[in-house]
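Convention: sequence-line order gives letters A, B, ...; per-chain numbering from 1.
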Amino acid sequence: MTESIPAPGPNGASGFDFIREAVDLDLKNGRYAYVRTRLPPEPNGWMHIGHAKAFSIDYFVAKDFGGTCNLRFDDTNPEKEDMSYVEAIKRDTFWLGIDCRDRVLFASDYYEKLYELAVLLIKKGVAYVDDLSDQEIREYRGTDVPDKNNITSTPPGRNSPWRERGVEENLDLFARMRSGEFADGARTLRAKIDMAHPNLVMRDPVMYRIRREKHYRTGDAWCIYPMYDFQHPLSDAIEGVTHSLCSLEYEIHRPLYEWFIREAEVFPSRQIEFARLNISHTVLSKRWLLRLVQDGLVSGWDDPRMPTIAGMRRRGYTPEAIHDFLGRIGIAKTDSLVDIQLLEHCLREDLNRRASRVLAVLRPLRLIIENWPAGQVEDLEAVNNPEDAQAGTRKVPFSGELWIERDDFAEVPPPKYFRLFPGNSVRLRYGFIVTCTGFDKDPGSGEITAVRCTYDPLTKGGNAPDNRKVKGTIHWVSAAHAIPLEARLFDKLFVAERPMDVPVGVDWVQTVNPASLETVSRAFAEPSLATAAHGDSFQFERLGYFCCDSDSRPGNLVFNRSVSLRDTWAKIEKKQS
RNA sequence: UCCCCGGUUGUGUAAUGGUAGCACAGCAGACUCUGGAUCUGCUUGUGGGGGUUCGAAUCCUCCCUGGGGAACCA
């Protein structure tokens with residue numbers, strides 16, 4: 001892995017979260033002699049920050065105990081899976097610094113082995129071929145209820161009439177299932193456990209179904225496919241996985257996980273569950289994200305508003321910021337909703353340290369310096385990163401006609417406003433102190449078209465020789481030297497904290513924040529930005545962190561606002577209104 | 001309320017029978033050539049009742065409350 005990425009540190013005094021405690025104990029009492037985990041994505045969508053949490057836990061738990069971690073694609077549903085997803089997941093995983101490059105595995109490579117284990121279970125008399133239809137299986141199981149949320153009891157199910165078939169017949173039928181003798185859905189292989197079990201997943205779960213669907217890796221080699229509950233524990237066992245870490249939704253499946261391990265007499269992998277990640281104002285579910293993509297509400301899986309790793313990368317997130325975030329949220333079993341502001345905080349903190357500063361104006365307003373010598377241009381020295389002395393300085397051209405931020409001028413200043421207004425002085429960052437002498441206004445529209453000022457030549461670089469205090473410092477770009485750019489400003493994808501909690505009858509997809517993307521097509525930046533490459537991050541001073549987008553071309557620059565700067569003025573403004 | 005799992009400041013997470021801490025958010029201030037960064041201070045919490053104990057967030061019990069489960073998905 002990339003050594004610069006620290007493992008997320010538990011913030012407790014014990015030094016361990018509950019998973020690491022369990023692993024530590026397992027090692028100490030000899031339950032396992034080593035540690036091996038696995039990342040089990042299904043290649044049916046792109047990786048998001050919720051998967052990154054799971055991946056990070058798997059990877060770093062193994063690493064912390066000197067173990068290994070496999071990246072195993074859980075690809076047993078040919079209807080939804082695709083190689084493009086495999087590639088996307090691998091790219092994003094490795095980009096995060098989770099380096100399983102030499103341990104990329106596929107459950108589909110175990111089909112033959114899994115088949116053999118199924119045969120073993122049939123021979124032991126704990127698996128049988130069932131002729132019931134899917135509807136009948138539900139009915140027999142006793143779970144075919146109209147309203148799952150409003151039941152008062154779960155009566156025992158009934159045994160399938162085919163449950164007591166002989167071993168030989170089961171063996172024969174299962175072989176014929178594989179050879180394609182039966183129609184899709186005509187029969188299944190089921191585990192013979194207990195149709196009266198209070199845990200519904202233990203009521204003779206289906207192990208194999210018949211499905212004639214081309215698999216993206218095995219093609220037409222198989223027409224029967226194993227189910228998750230059967231495949232997953234045995235794949236873990238095949239790989240010698242000691243700790244199979246997964247989200248809480250599988251907790252209820254653990255007895256079944258253990259049942260298959262025990263009955264198949266394979267390596268005793270252990271499943272431990274933790275709470276999945278939820279973040280406010282977004283959705284973390286491949287199904288919902290797919291819907292956003294398919295309905296065209298975002299530009300794709302890598303839309304910078306998406307909580308996918310690809311989207312976050314394009315937005316300007318760094319692996320370090322993501323790992324920092326994942327370390328801070330911790331690991332627990334409580335269902336939680338993490339404030340998206342924590343994620344943004346982690347990005348700010350990381351980018352503050354590393355991003356070069358640059359002067360750019362998003363909503364330009366002309367500033368005319370009336371006493372500036374006509375035609376004169378000065379190269380002023382600007383600090384690249386005040387947080388990093390090694391970053392050095394650069395020259396920025398200054399002239400008598402500048403672009404400044406429209407917000408940085410007020411005809412009538414609100415209380416506590418200390419930027420430009422008639423009669424007031426401000427410092428132009430790294431430039432001169434100027435005093436506002438007036439402004440031009442379009443008589444028709446009332447729009448301010450230019451601000452006028454005079455400069456003090458003795459304040460070059462921004463320092464006043466008389467040490468007078470100037471409260472405001474604003475950013476600027478020389479109009480004659482400005483390079484144009486497009487800026488994409490993002491806001492929360494959803495206004496609602498929990499987008500999926502919508503009133504009945506409302507389609508959550510319609511609640512996407514209409515202001516989540518604002519395109520500013522006529523912004524200007526200092527010349528140094530012209531050479532930015534895709535993925536480069538900068539701080540546009542006083543505005544926020546911006547990342548050069550993959551749509552950017554020389555002469556047609558596009559920047560994404562990764563996150564804004566903390567904005568104290570916005571808070572003051574908000575309080576005043 | 002059929003089965004399973006949870007409930008610690010606004011949010012997330014520690015404290016493993018012995019001082020309820022940390023981070024984010026919020027508030028107030030200092031400093032500042034980014035209303036950035038940095039620094040200082042502050043507010044707010046063990047869901048409720050009973051029990052065990054010298055002592056309970058922690059153990060027991062009842063209640064309340066949140067999530068999950070019943071696919072030939074994973």
Side-chain angles (χ1 to χ4, degrees), chain A residues 10-14 17-18 21 40-42 44 74-77 79-80 130 132-134 137-138 141-145 148 150-155 157 184-190 197-203 205-211 224-225 227-229 231-232 246 248-255 273 275 280 286-287 328-339 341-346 348-349 352-353 357 359 383 386-387 416-419 427-431 433 461-464 470-475 539-544 565-572:
Chain A
N11 48 11
S14 71
D17 52 72
F18 77 95
E21 268 177 18
E42 187 191 11
N44 65 348
D74 250 359
D75 52 357
T76 51
N77 183 2
E79 290 169 45
K80 294 182 176 171
D130 194 0
L132 256 29
S133 69
D134 53 349
I137 287 179
R138 277 193 291 276
R141 202 177 256 150
T143 56
D144 190 37
V145 292
K148 292 177 189 171
N150 193 25
I151 51 169
T152 52
S153 69
T154 310
D184 285 10
R187 292 184 220 262
T188 56
L189 183 69
R190 291 231 256 165
H197 200 109
N199 182 348
L200 280 349
V201 303
M202 297 295 274
R203 314 249 265 219
V206 173
M207 294 164 58
Y208 273 91
R209 78 280 207 184
I210 304 172
R211 185 110 320 159
I224 56 171
Y225 291 94
M227 301 291 292
Y228 168 87
D229 280 319
Q231 173 274 132
H232 199 90
C246 61
L248 246 26
E249 56 192 301
Y250 296 102
E251 199 165 28
I252 201 159
H253 294 248
R254 195 192 326 137
E273 314 84 11
S280 66
K286 273 194 280 194
R287 193 177 143 205
R328 289 185 199 228
I329 60 173
I331 308 170
K333 294 187 73 166
T334 47
D335 201 54
S336 64
L337 182 71
V338 177
D339 193 335
Q341 287 185 101
L342 179 61
L343 221 204
E344 295 179 341
H345 166 84
C346 293
R348 273 194 202 100
E349 196 168 83
N352 176 50
R353 224 170 21 232
R357 272 58 169 175
L359 299 179
V383 174
E387 304 294 319
K416 292 185 188 168
Y417 186 86
F418 42 83
R419 282 114 91 170
R427 175 168 30 241
L428 295 170
R429 177 77 155 156
Y430 299 123
I433 293 176
N463 296 306
V470 177
K471 195 94 164 139
T473 299
I474 65 172
H475 57 97
Q539 184 195 101
F540 289 5
E541 291 213 25
R542 301 210 306 132
L543 296 173
L565 253 23
R566 272 186 57 214
D567 192 347
T568 311
W569 171 247
K571 280 181 195 169
I572 296 171

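- Comparing the same atom, P, in B:rU46 and in B:rC31 gives a spacing of 38 Å after rounding to whole Å.
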Inset, instruction - Using a 3.5 Å limit on both pairing distances, list the dot-bracket string of RNA chain B from the 5' end; Watson-Crick and G-U wobble pairs count, crossing pairs take [ ], interstrand pairs take |. - result: .((((((..((((....[..)))).(((((.......)))))....(((((..]....))))))))))).....
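- For A:T334, no side-chain nitrogen or oxygen approaches OP1 or OP2 of B:rG12 to under 4.0 Å.
- Phosphate proximity of B:rA74 to A:T76: present, with a side-chain N or O under 4.0 Å from OP1 or OP2.
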Please enumerate all protein N or O atoms sitting under 3.5 Å from an N or O of nucleotides 36-38 of chain B, with distances to 0.1 Å.
| from | atom 1 | to | atom 2 | distance (Å) |
| --- | --- | --- | --- | --- |
| B:rG36 | OP1 | A:T568 | OG1 | 2.3 |
| B:rG36 | N2 | A:E387 | OE2 | 3.0 |
| B:rA37 | OP1 | A:R566 | NH1 | 3.4 |
| B:rA37 | OP2 | A:R566 | NH1 | 2.9 |
| B:rA37 | O2' | A:N352 | ND2 | 3.4 |
| B:rA37 | O2' | A:E387 | OE1 | 3.3 |
| B:rA37 | O2' | A:E387 | OE2 | 3.0 |

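- Look at the P atom in both B:rU53 and B:rA14: the space between them is 31 Å, to the nearest Å.
- Checked against B:rG12, B:rC24, B:rC73, the side chain of A:I329 finds its nearest nucleotide in B:rG12.
- Looking at heavy-atom distances under 4.0 Å, A:L343 makes no contact with the nucleic acid at all.
- With sequence neighbours left out, the side chain to side chain donor-acceptor pair (under 3.5 Å) criterion links A:R419 to A:D408.
- Regarding A:E273, its CD atom lies at a distance of 14 Å from the P atom of B:rG69, rounded to whole Å.
- Nearest heavy atoms, A:R328 versus A:C346: NE-SG, 3.6 Å.
- A:R209 has no side-chain polar atom (N or O) that falls below the 4.0 Å cut-off from OP1 or OP2 of B:rA71.
- A donor-acceptor contact shorter than 3.5 Å links the side chain of A:R427 to the backbone of A:G462.
- Here, B:rC64 and B:rU1 have their C1' atoms 13 Å apart, quoted to the whole Å.
- When side chains are defined from C-beta on, A:E251 counts as touching A:K333, because their heavy atoms get closer than 4.5 Å.
- To the nearest angstrom, P of B:rU1 lies 18 Å from CG of A:L200.
- Checked against B:rG35, B:rC73, B:rC72, the side chain of A:T188 finds its nearest nucleotide in B:rC72.
- Residues satisfying the side-chain contact (heavy atoms from CB on, under 4.5 Å) criterion with A:P386, sequence neighbours excluded, are A:R357, A:V383.
- A distance of about 29 Å separates the P atoms of B:rU19 and B:rA25, rounded to the whole Å.
- With sequence neighbours excluded, no residue forms a salt bridge (Lys or Arg N to Asp or Glu O under 4.0 Å) with A:D75.
- Atom P of B:rG21 sits at a distance of 22 Å from the matching atom of B:rG26, rounded to the whole Å.
- A donor-acceptor pair under 3.5 Å is formed between the side chain of A:K286 and the backbone N or O of A:E42.
- For the pair A:R427 CZ and B:rG35 C1', the interatomic distance rounds to 13 Å; values are reported in whole Å.
- At a threshold of 4.0 angstrom between heavy atoms, the contacts of A:I252 include nucleobase atoms, whether or not backbone atoms are also involved.
- Two residues, A:A275 and A:E251, neighbour RNA chain B, and the one matched to the more 5' nucleotide by heavy-atom proximity is A:E251.
- Distance, A:K571 NZ to B:rG26 C1': 7 Å, rounded to whole Å.
- Going from atom CD1 of A:I572 over to atom P of B:rA28 covers 9 Å, rounded to whole Å.
- With rounding to whole Å, A:D134 atom CG is found 15 Å from B:rA70 atom P.
- Under the rule for a side-chain contact (heavy atoms from CB on, under 4.5 Å), the partners of A:R209 that lie at least two apart in sequence or sit in another chain are A:N77, A:Y225, A:M227.
- Rounded to whole Å, the C1' atom of B:rA70 lies 23 Å from the corresponding atom of B:rU65.
- Here, B:rA57 and B:rU52 have their P atoms 16 Å apart, quoted to the whole Å.
- Look at CZ on A:R287: it is 14 Å from P on B:rC73, rounded to the nearest Å.
- Spacing of C1' atoms, B:rA15 relative to B:rA23, comes out at 15 Å, to the nearest Å.
- Of the candidate nucleotides B:rC72, B:rA14, B:rC73, B:rA14 has the atom lying nearest to any side-chain atom of A:A332.
- Between A:V338 and A:L343 there is no side-chain heavy-atom pair separated by less than 4.5 Å.
- Contact detail for A:E273 and A:L248: the closest heavy-atom pair is CB-CD1, 3.7 Å.
- Between A:R190 and A:M207, the shortest heavy-atom distance links the atoms C-SD, 3.8 Å.
- Rounded to an integer number of Å, the gap from CD of A:E249 to C1' of B:rC3 is 17 Å.
- A sub-4.0 Å separation between OP1 or OP2 of B:rU34 and a side-chain N or O of A:H475 is absent.
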